[in-house]
Each structure stands twice: as C-alpha cells, then as structure tokens.
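Below: one structure, written as structure tokens.
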Amino acid sequence: MRRLLAIVIAASLLLAFSVIFAAAEMPKGETSVSEAAQGEKNGTKPQDTAQGGQVYYLNFKPEQAMQWEELAKAYTARTGVPVTVMTAASDTYEDTLRSEMEKAQMPTLFQVNGPVGLRTWRDYCLDLSGTALVEKLKNDEFALKEGGQVLGVAYAIETYGLIYRKDLLETYCALPGAVISAPEEIRSFATLKAVAEDIQKRRNELGVKGAFTSAGMDSSSDWRFKTHLANLPIYYEYKAGDVNVSDAIQGTYLDGYRAVWDLYIHNATCAPTLIGAKSSEDALAEFALGEAVFYQNGTWAYDSLIEAGLTDDQLGMLPIYIGAPGEENQGLCTGSENYWCVNRKASEGDISATIAFLEWCITSDEGRNALAHQMGFVTPFRTFGEEYAADNPLQRAATQYLDEGKTPVSWSFTTIPSETWKNNVGAALLEYAQGTGDWKAVRTAFVDGWAKEYQAANEKGQ
C-alpha cells in the first residue's frame with residue numbers, strides 16, 4: 001500500500017494555478033475538419049460525443065464548484081453536449097443526493113465515499129468495467145468493486161494531518177528553553193504534547209492565542225474530529241487485528257483519541273466551552289492570522305490557505321499522533337473517499353454522454369489541466385504524467401514521509417457504518433469538551449454505537 005501511494009503521490013503532486021479554457025462555440029452536431037483534429041489532440045473525437053445525451057453531475061466538493069462549472073462549459077462548447085454541475089452545500093451531500101434522485105432528471109454522475117456509501121447507492125451504480133476510467137487506473141485498488149463489477153472509481157487521492165505554520169514553529173524553536181530545536185523532531189504524541197503545552201504557556205511571548213486553532217464543532221468543521229481524527233483509533237485497531245473492516249470496534253485505542261482531543265481543546269485559541277459555535281472559517285482565519293501554530297486539515301485546504309494570504313514557505317504538515325505503539329514510523333493520513341459513480345437508471349443517451357465526459361476529463365489537455373492544476377487533485381490515472389503533476393508544500397510533506405519509509409495511515413473511516421454514528425460521536429465529544437458529559441459517553445457512542453449502526457445498515461442493505 002505504501003509503495004502504491006508513493007507512486008500515486010510522487011507521480012502527480014498538486015497545484016499550479018491558472019488554466020485557460022480555449023473552446024469555440026459551434027452548433028450541436030457540427031464539427032469542422034480543423035476542429036476534429038484539435039478534438040483528437042484533446043482526447044475528444046466527434047464520434048465520442050453522445051448525440052441526444054446530457055450530463056448532470058452532483059458535485060461533492062464545494063471548494064471546486066467554480067472549476068467544475070468552467071470545465072463543464074468548456075466541454076459543452078467543444079462537443080455540444082449539455083453538462084450541468086450542481087454542488088451540494090458542505091455536509092449535506094447525502095441528503096441532497098437523496099432528494100435529487102427522486103426527481104425526473106436525476107444526476108447522471110454522483111459520488112460515494114467508499115464501501116459504506118456504495119451499500120446505500122449500489123442499485124444506482126453502473127458497472128464501469130471496460131471503460132477508460134477503469135482501464136487507465138494505475139492500480140485496481142482504486143476501483144470500488146462488488147460482485148465482480150466496478151461500481152465506482154476514485155478520482156482524487158488526498159492527505160491530511162496537522163498543518164503547521166513553519167514560520168511560527170521555527171520562531172518557537174529559537175526561543176530559550178524550547179522543547180525542540182526543529183519541527184522535524186516531532187515524531188510522537190509525547191513530543192507533540194510537550195511542544196503544544198509549552199507553546200500555550202508561552203503564547204504571549206510567541207505572539208499567538210494558542211497552539212491549536214479552535215476545534216469547531218459546527219457542521220462545517222466537526223467532521224475533522226468525529227471522522228478524520230476518529231480515523232486514528234480505528235486504523236490502529238484494524239492494523240492490530242489485520243483487518244480492513246469490522247462489524248465491531250473494541251475501542252482499544254480510545255485512550256489515545258481522548259489524549260489528542262484533550263490536547264486540542266485545552267491548548268487552543270479559545271476555551272473548550274466555546275467550540276460548539278466555532279466554524280471551519282474561524283479555524284482557517286485563526287491559522288492565517290498567525291493566532292495558532294497547528295491546524296488539523298488536509299491537502300484540499302491549500303487553496304484556501306493561499307487565498308487567505310499565506311505562502312508556501314509558511315506551510316508544513318505533520319502526522320497526527322495519538323501515542324500508539326510504533327507511531328514513530330507513521331506517515332500522514334492518505335486515501336480517498338471520492339468515487340465517481342454513473343447512474344445506471346439514467347437514459348442510455350445520458351449514460352453514454354456521462355462516460356464520454358469523464359473519459360475526456362482524464363485524457364484531454366483541458367480536463368487533465370483542470371483536475372490536476374486548477375482543482376489540485378492527485379489522481380490515480382495513468383494519463384496524468386509529470387506534466388500534470390502539481391506541487392505544494394502539503395503534498396511535498398506527504399511525499400517526504402513516504403521517502404523516509406514512513407507508513408501512511410489508511411483512511412479506515414470510510415468503513416464507519418453510518419452518518420448517525422459520526423453525529424453521535426461528535427455530539428459526545430462536544431458535551432465532553434463543554435463539561436456537560438463525560439468520556440464514558442464518547443466511548444459508548446464509539447463502541448456500542450458502531451455495533452448498533454453496523455447491524456442496522458446491513459439489515460437495511462439485505
């Protein structure tokens with residue numbers, strides 16, 4: 001797995017900005033000889049367009065909404081095929097998808113987050129076997145399979161951890177009596193804890209409000225903790241048991257989950273009692289303004305950080321440590337919960353148009369530039385060579401840990417049995433932080449809730 005991820009990440013490191021969509025308007029069905037030649041160069045031949053079909057994409061990522069809309073316009077201008085992009089608001093994708101699937105014009109293209117999402121939407125997922133989407137994957141590990149069929153294809157490989165302000169952390173390292181002399185010395189929870197607590201004590205001296213940004217628990221931010229942070233104890237339990245999914249969680253590593261949560265909320269820019277009203281925008285602003293040194297988030301946050309005024313030289317990323325055995329050999333959390341699915345209940349023309357659009361996205365100059373450079377995706381397709389590699393300090397950090405032989409932390413959270421489980425864990429975390437609940441409630445939501453939701457989900461799927 002580590003070697004595979006190294007190939008993927010090293011082959012296509014993120015972001016380069018500014019892609020110009022050069023597309024000429026033409027009546028539907030009309031293609032000149034010169035335009036046909038240009039179409040072949042860009043991966044679209046006249047016969048590739050699906051006459052009479054259209055594409056409706058329900059996009060999961062609000063941060064790439066504008067780029068998807070521009071790419072859709074470019075494709076329509078080139079082929080005459082109508083492409084509509086609708087983007088669900090943050091944390092509302094499942095509800096939006098459910099609503100849209102009940103309409104006469106359903107999405108022809110949507111996404112699931114992995115095996116659990118597939119269980120909900122498998123009846124709508126077309127078998128993509130034999131399409132360029134599958135044939136051009138670097139490894140079939142990025143194909144979401146069931147019963148010999150390929151029902152989804154990953155399109156973005158992402159990484160998350162503790163993003164840190166290099167300038168602030170290096171300033172701290174230069175203070176007399178600092179716990180570390182360089183950021184690279186943070187290789188365990190014990191060291192992270194010692195550094196964070198010392199920064200918190202010396203925050204006035206350093207000119208910050210806290211070691212960590214606020215652990216916002218509103219709907220725009222709580223996923224960072226009820227899902228992404230929760231991944232760590234799940235991952236280590238799976239690793240110890242040599243499994244990839246389980247109908248029951250024992251909670252073996254929940255003490256580590258508690259330890260890092262305590263570290264976050266007691267060494268932050270605000271009191272623990274205030275995090276219920278804090279948002280993702282608050283955390284981003286605190287980090288950009290230099291009010292905090294550490295910010296749990298991922299490579300997808302790079303654009304927002306740059307737009308907020310930060311520079312590449314100010315950004316680094318560390319693994320999230322929870323005190324697990326052997327964590328000194330741990331890398332960043334790397335994986336995908338972004339799988340394209342084509343709606344098999346759409347019309348034949350719309351299905352053909354949707355597949356043609358996706359194949360154009362991963363083979364044409366315009367499509368690859370948009371995905372790699374504008375949207376900043378690290379993709380798992382062989383069609384993305386070095387010219388479509390993107391480069392930013394967050395992605396370089398992921399590659400560096402791989403080069404050092406560190407093992408990436410798999411995205412085990414894609415096996416979480418339900419959104420209800422996440423919400424219950426999040427609610428318990430918040431009450432614990434506010435002092436209105438205890439850690440026992442978090443453990444109950446985590447362990448007992450897993451078994452209950454897993455059973456309910458599988459009964460529903462039968």
Side-chain angles (χ1 to χ4, degrees), residues 16-88 100 105-111 126 128 131-136 153-156 338-343 346-377 379-384 387-388 390:
F17 299 117
S18 300
V19 172
I20 298 175
F21 293 105
E25 282 284 352
M26 62 182 180
K28 185 175 181 179
E30 296 183 13
T31 308
S32 69
V33 174
S34 61
E35 287 170 330
Q38 181 65 29
E40 290 192 25
K41 178 184 176 184
N42 284 282
T44 303
K45 300 178 182 179
Q47 62 265 35
D48 290 333
T49 62
Q51 298 298 324
Q54 60 183 323
V55 181
Y56 169 21
Y57 179 32
L58 183 59
N59 172 38
F60 173 78
K61 290 177 166 294
E63 60 269 29
Q64 275 87 34
M66 182 179 68
Q67 291 94 332
W68 272 116
E69 289 166 8
E70 290 300 318
L71 187 60
K73 290 177 184 176
Y75 185 74
T76 298
R78 180 171 297 284
T79 66
V81 176
V83 179
T84 300
V85 176
M86 175 179 173
T87 299
E100 292 300 301
Q105 182 57 54
M106 299 182 290
T108 66
L109 175 63
F110 62 100
Q111 81 167 62
L126 181 76
L128 298 172
T131 65
L133 284 174
V134 177
E135 293 174 350
K136 296 185 183 302
V153 173
Y155 65 88
N338 303 287
Y339 292 86
W340 278 329
C341 299
V342 174
N343 190 349
S347 70
E348 184 176 342
D350 288 356
I351 287 175
S352 296
T354 301
I355 292 174
F357 171 65
L358 289 178
E359 293 182 348
W360 178 83
C361 285
I362 68 166
T363 58
S364 70
D365 292 340
E366 288 170 295
R368 288 180 292 178
N369 273 324
L371 293 177
H373 297 320
Q374 277 210 334
M375 301 185 201
F377 294 154
T379 69
F381 302 105
R382 290 183 285 105
T383 51
F384 288 74
E387 67 272 32
Y388 296 105

* Step-by-step side chain to side chain contact (heavy atoms under 4.5 Å, CB included) determination, V153 to T131 -> CA-CA 11 Å; V153 173; T131 65; 5.9 Å; no
* Is it true that E135 and R382 have a side-chain N and a carboxylate O under 4.0 angstrom from each other? -> no
* F357: what forms a ring-ring contact (aromatic ring centres under 6.0 Å, His included) with it, not counting sequence neighbours? -> Y75
* Between C341 and L109, is any pair of side-chain heavy atoms under 4.5 Å apart? -> no
* **Separation of E366 CD from Q374 CD (nearest 0.5 Å)** => 11.0 Å
* **Audit row: K136, E359, salt bridge (charged side-chain N to carboxylate O under 4.0 Å, His left out) steps and yes/no** => CA-CA 10 Å; K136 296 185 183 302; E359 293 182 348; over 6 Å; no
* CE-OG1 distance between M66 and T87, expressed to the nearest 0.5 angstrom -> 11.5 Å
* **Geometric class of the W68/W340 ring pair [parallel <30°, tilted 30-60°, perpendicular >60°]** => perpendicular
* To do: Kindly compute the distance separating CG (N369) from CG (L71), expressed to the nearest 0.5 Å.
  => 10.0 Å
* **Interatomic spacing from OG1 in T354 to OH in Y57 - rounded to 0.5 Å** => 11.5 Å
* To do: Indicate the atoms forming the closest heavy-atom contact of P82 with G53, along with that distance.
  => CD-O, 3.7 Å
* L128 versus V134, closest heavy-atom pair with distance -> O-CG2, 3.3 Å
* Asked: Can you find a pair of side-chain heavy atoms, one from I351 and one from L126, that are under 4.5 Å apart?
  -> yes
* P380 to A156 - nearest heavy-atom pair and separation -> CD-N, 4.4 Å
* Closest non-hydrogen atom pair, A88 against L58 -> N-CD1, 4.4 Å
* Under a 4.5 Å cut-off applied to non-hydrogen side-chain atoms, are F381 and R368 in contact? -> no
* **M106 and Y56, any side-chain heavy atoms less than 4.5 Å apart** => no
* To do: Find the distance between CZ (F384) and CZ (F377) and round it off to the nearest 0.5 Å.
  => 10.0 Å
* **Closest heavy-atom pair and its distance - T108, A346** => CG2-CB, 4.1 Å
* Asked: Could you state the interatomic distance from CD1 (I362) to OG1 (T379), rounded to the nearest 0.5 Å?
  -> 8.5 Å
